[in-house]
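By convention in this document, chain letters (A, B, ...) are assigned in the order of the sequence lines, proteins followed by strands, and residues within each chain are numbered from 1.
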Amino acid sequence: MFRTAAILVFAACLLSAAACQRADPNAAGGVMTVAGSTSIQPFAEMLAEEFMAGHPEFNINIQGGGSSAGIRAAQNGAAQIGMSSRNLKEKEKGLHETAIASDGIAVIVHRDNPLRGLSRAEVAGIFAGDYKSWKEIGGEGGTIHFVAREEGSGTRGAFEEMVMGDREISLRALVQASNGAVREIIARDPASIGYISLGLVDDRVRALAVDGAEATRRQIMDGQYKLSRPFLFLSREEPTGTAKAFIDFIMGPRGQELLSSEGLIPGGQ
Amino acid sequence: MEKLIEKGLLVIAYSSIAILFIITFFIFKEGLPFIFREGLGTILGGVEWRPTKGEFGILPMVVGSLLVTGGALVIGVPLGLSCAVFLVEFSKPKVRRILKPAIELLAGIPSVVYGFLGVILLVPLIRVHLGGPGLSLLAGSIILGIMILPTIISISIDVLEAVPQSYREGSIALGATTTQTVSMVVLKAARSGIVTAVILGMGRAIGETMAVIMVTGNAVAFPGSILDSIRTLTSNIGIELAYASGDHQEALFATGVVLFVMIMVLNLVASMTRKKRIR
Amino acid sequence: MIRLDPALSQKLVRWVLVSLTALTVSILVFIITYVLLKGLPVLGWEFLSTGAVDAGRGGGIFPFIVSTVFITVVALAIATPLGVGTAIYLTEYTRETAATRVVRFAAECLAGIPSIILGLFGFITFVLFLKLGWSILSGGLTLAIMVLPTIIRTSEEAIIAVPQNRRDVSTSLGGTRWQTVTRVVLPGALPGIVTGIMLSVGRCIGETAAVIFTAGSALGTPTSIFASGRTLAVHFYILATETDAFGMAYGTAAALIIAILTINTLAYWMMHRIMRKYS
Amino acid sequence: MEKIRVKGFGFAYQGGSVALENINLSVMRNEILGIMGPAQSGKSTLLRCLNRMVDALPGTSRKGSITLDGADIFSGEIDPDDLRRRVGMVFDVPVPLPRSIYENVAYGPKLHGVRGRKKLDELVEFGLRSAILWDEVKDRLGTSALRLSGGQQQRLCIARTLALDPEVILLDEPCSGLDPISTLKIEEALSELKSKYTIIIVTNNTKQAARVSDKAAYFLMGELVEYGRTKQIFTVPRDRRTDDYISGRFG
């Protein structure tokens, strides 16, 4: 008994010794961590790459984890900047928010799918599992393969809020853990449909018009295309140091231009 | 000094138990309270997995894990066993000397590579020729079946080689053909060893994560056919861990607890059959 | 039931076995050659020595090679002393008792735990509980646990294979147990221990599930063990599932496979040499 | 002067199988004791008790005492590792360590903390000369000991023991696997070593016992059947079983 206890204490000492030696990320010259939404992650990585190319004295580390984790990380200081691809809930308020851009959610199908548009109710019906075949909604081809994001993802949350309403995404939906993975499946399967960030749509997939509005930046800015959400950078307090420099870069002309060229709607607008 | 070294080594040796204990402790600490709160029945028997809305049924995933593992065995065992029997009983020793290590080397290929080839080559094949989304129970079974081949072949070869030569000679002296000898004498003698090989293959299949996430489509529903998508317990953790928080995260640990218990039972069975064989 | 002529059934069985073996072997050969054929053209100096551009769709894999090496080194720096120490204790310092059987059983169980469970454990323990964050250290600790059973088992086998009379000689010359272990047993067991370590390196390089939740997936080159890093296998997984940069994916896969196969081949070659020496 | 005294000594292995029962004998300084007996007679067990090599075995039990220079070797005041330095042992099959000839002989001294090239050189040369091996190997000390012939290997093992400058040397059938010429060389070495050391040699070759030993003992099934001056045992054995054995009627 004593022996086991002694061993456990020993192991615990080893582990905590390791823990104590951890570098302080807030120290000057340390690494700044940006964590959260995987929808924002690829854009943040690209921005950080560009930012650090011009400012080699800064070191920024981008992590995924999802919007909820990003909000928590900002609250408890685990990350200097948290990323969220959905609006904060009432009980999450109190953080310093910067909307770096907004992103449309595109409902996408294979390039060869002749369908051009659906109503929001039809999209909801597809994902609720009401329609078995493309013919039932005026398309061509056989069984519909619908691909959703996994539970907990910000994109799924936004899609449920804006499209599904009080309906549930069917459990029969194929599930992928990232927007890129959803796109790759849609790009390969002519009978499939899914939803991803508008910024990630490429020419192998087609973004459908929803309720008659094309999924373009113009239509989002005009308020015609309704499926859009903000990309938020969150921090506990007014950002300073590396965080401030990075956010300033993003909100400046070069950063906004980069986001724009990736298909996002600049945050200033 | 000597005493000190002995004590140090003792601490090191017992730390491997401690690690197992700590792992078990942490997984159960996160998962068990949740299981008690929600009820084992509602979790294990529930068919709805909507963790952000308070529904935590993992039955479809338990079934998915069992089905895909069963499928992997259906594909991997006949292929692997035939290969082992051929190499030990019918081929020249030289062929075996080259092929056995070559096959064992393949156990080192990362599972993500198998998964990727599954997505690129196998899934479109299934979708175009058999129907469905391609991401399916069938694709998962085939990929896992191939992945467990090295394990099954290598252990089966060891087991078959361990069957005393005198058994074969005795049978052949009675006028039996090689085939009859193999099916009636050798395989019988090697039975429990082959069971161990199969169980170890099963352990690998049931525990595999990344390749399965890539090729099975991960729908949380009972499959209607082998062309339908499934989700395994491992995929459930793999897909959702990154985003989960609160109850959802605990539910994933509960999934881990269920998986952990399944694997431990399997380990126990494997270690029992191994002991029986030694006796 | 039709009774087949034994000679005919012999032919039939042989034919079936040959074709199944051929199928098995060709599947496995195909996987390697396919990946290498697609990947080798990408795999140039440029690819190996530069960082990723555009989240991996362009550029190279240098940061991921660095992360992989870091994590593997950390894992083995922890697992080797623990594993070899445990093996020394089990073989040289105790006799077979209930306690040693428990240690062995624990190691066996540890070997059977799926890597996703280890990932789950590493995530909750190292990343969250010990606040190490997604880091090389968290990933390395998790992988250390994963390879510990392999190192214990191969070291034990290697130590047991050292002839007993060498220990007797050392003892009879007044050597203490520890002197005997360090001067006679370990030098004799070294090739076997190194083989185990190399096989473990192979597993660390190829692992995804245990690393992705513990070391994270940062694109940059890690500057310390507290920084997050993306290993080759994780990078490959992300490329393979989230992008259409197949060229980059194949190149990464080829790098992975070449590294692992080279290390494993060396390990098997050494093992073969040892076995020949002692048999 | 008495070097070793074995008094009422008994020994049993795990599970209670008795290997030695009530053994009484003594060995004088600079004397060679030859122990004869068939397999399983307990003679090797006695040897392994004399330098406590049996310590490593589980579940053993013993009775009586063994003293070295009057001190009980099993008592707490004697350190087993030090005892083994003082009481060297050579095994039945030559066991060279997979190192060079030099390193083999220097192994023991190094264990006991001898440092310095010069000191080690001296000890190696001393050991090899005493074992009558020096002239054969002095030009190739760096080569692997595994390359030596069987007889040379066994003499190397003796040299390795001697390099520790022990007081007693135990030899467990040292010539069992060797040809007559190698055997002769080892016997030659032994008769020279007698002037400096106390030697106990186990052998199942009665002629060898007759040739080299001053005193002889005959063991049978854990019992000391007869013990006395070699001359007396080989000419007028008191026990009929001894007579049977040395005249080859045993079995």
Which answer fits Thr209(B), side chain, backbone, both or neither, if we ask what part of it has an atom under 4.5 Å from a heavy atom of chain C? side chain

Under 4.5 Å to a heavy atom of chain C? For Leu200(B) that would be neither

Does any backbone or side-chain atom of Val113(B) lie under 4.5 Å from a heavy atom of chain C? Answer side chain, backbone, both or neither. both

Check whether Pro81(C) gets within reach of chain B through its side chain, its backbone, both or neither, counting any heavy atom under 4.5 Å. backbone

Side chain, backbone, both or neither of Ile27(C) within contact of chain B (heavy atoms, under 4.5 Å): side chain

Honestly, the part of Ile212(C) sitting under 4.5 Å from a heavy atom of chain B is side chain

Using non-hydrogen atoms only, which part of Ile263(B) is less than 4.5 Å away from chain C: side chain, backbone, both, or neither? side chain

I'd like to know if the side chain of Thr179(B) pairs up with that of Gln10(C) as donor and acceptor (distance under 3.5 Å, no hydrogens or angles considered). yes

Heavy-atom distance under 4.5 Å to chain C: side chain of Leu121(B), backbone, both or neither? side chain

Go through the atoms of Val35(C) and report whether side chain, backbone, both or neither lie under 4.5 Å from a heavy atom of chain B. side chain

Aromatic rings Tyr89(C) and Tyr93(C): how do their planes relate, parallel, tilted or perpendicular, breaks at 30° and 60°? parallel

Please classify the contact of Leu82(C) with chain B as side chain, backbone, both or neither, using a heavy-atom distance under 4.5 Å. both

Selection from Ile146(B), Thr178(B), Thr255(B) maximising heavy-atom pairs under 4.5 Å formed with chain C: Thr178(B)

Interface moiety of Leu20(C) toward chain B, non-hydrogen atoms closer than 4.5 Å: both

Contact class of Gln249(B) relative to chain C, heavy atoms under 4.5 angstrom: side chain

Side chain, backbone, both or neither: which part of Leu105(B) has a heavy atom under 4.5 Å from chain C? both

The interface call for Leu117(B) against chain C, heavy-atom contacts under 4.5 Å, is side chain

Of the backbone (N, CA, C, O) and the side chain (C-beta and beyond), which part of Ile206(B) lies under 4.5 Å from a heavy atom of chain C, both, or neither? neither

Heavy-atom distances under 4.5 Å only: say whether Ala107(C) touches chain B with side chain, backbone, both or neither. neither

Would you confirm whether the ring centroid of Phe116(B) sits within less than 6.0 angstrom of the ring centroid of Tyr237(C)? no

Side chain from CB out, backbone as N, CA, C, O: work out which of these in Glu30(B) comes under 4.5 Å of a heavy atom of chain C, or both, or neither. side chain

Side chain to side chain contact (heavy atoms under 4.5 Å, CB included) between Met210(B) and Glu208(B), intermediate numbers included: CA-CA 7 Å; Met210(B) 302 326 262; Glu208(B) 177 51 41; 4.2 Å; yes

If I measure from the heavy atoms of chain B, does Leu120(C) come under 4.5 Å with its side chain, its backbone, both, or neither? both

Can you say whether Val16(C) sits under 4.5 Å from chain B via the side chain, the backbone, both, or neither, judging by heavy atoms? neither

Just checking Met202(B): does its CE atom have more than 12 heavy atoms from other residues, nucleotides or ligands closer to it than 6.0 angstrom? no

Chain C contact via Ile120(B) - side chain, backbone, both or neither, heavy atoms under 4.5 Å: side chain

Chain C contact via Ile23(B) - which portion, at a heavy-atom distance below 4.5 Å: both

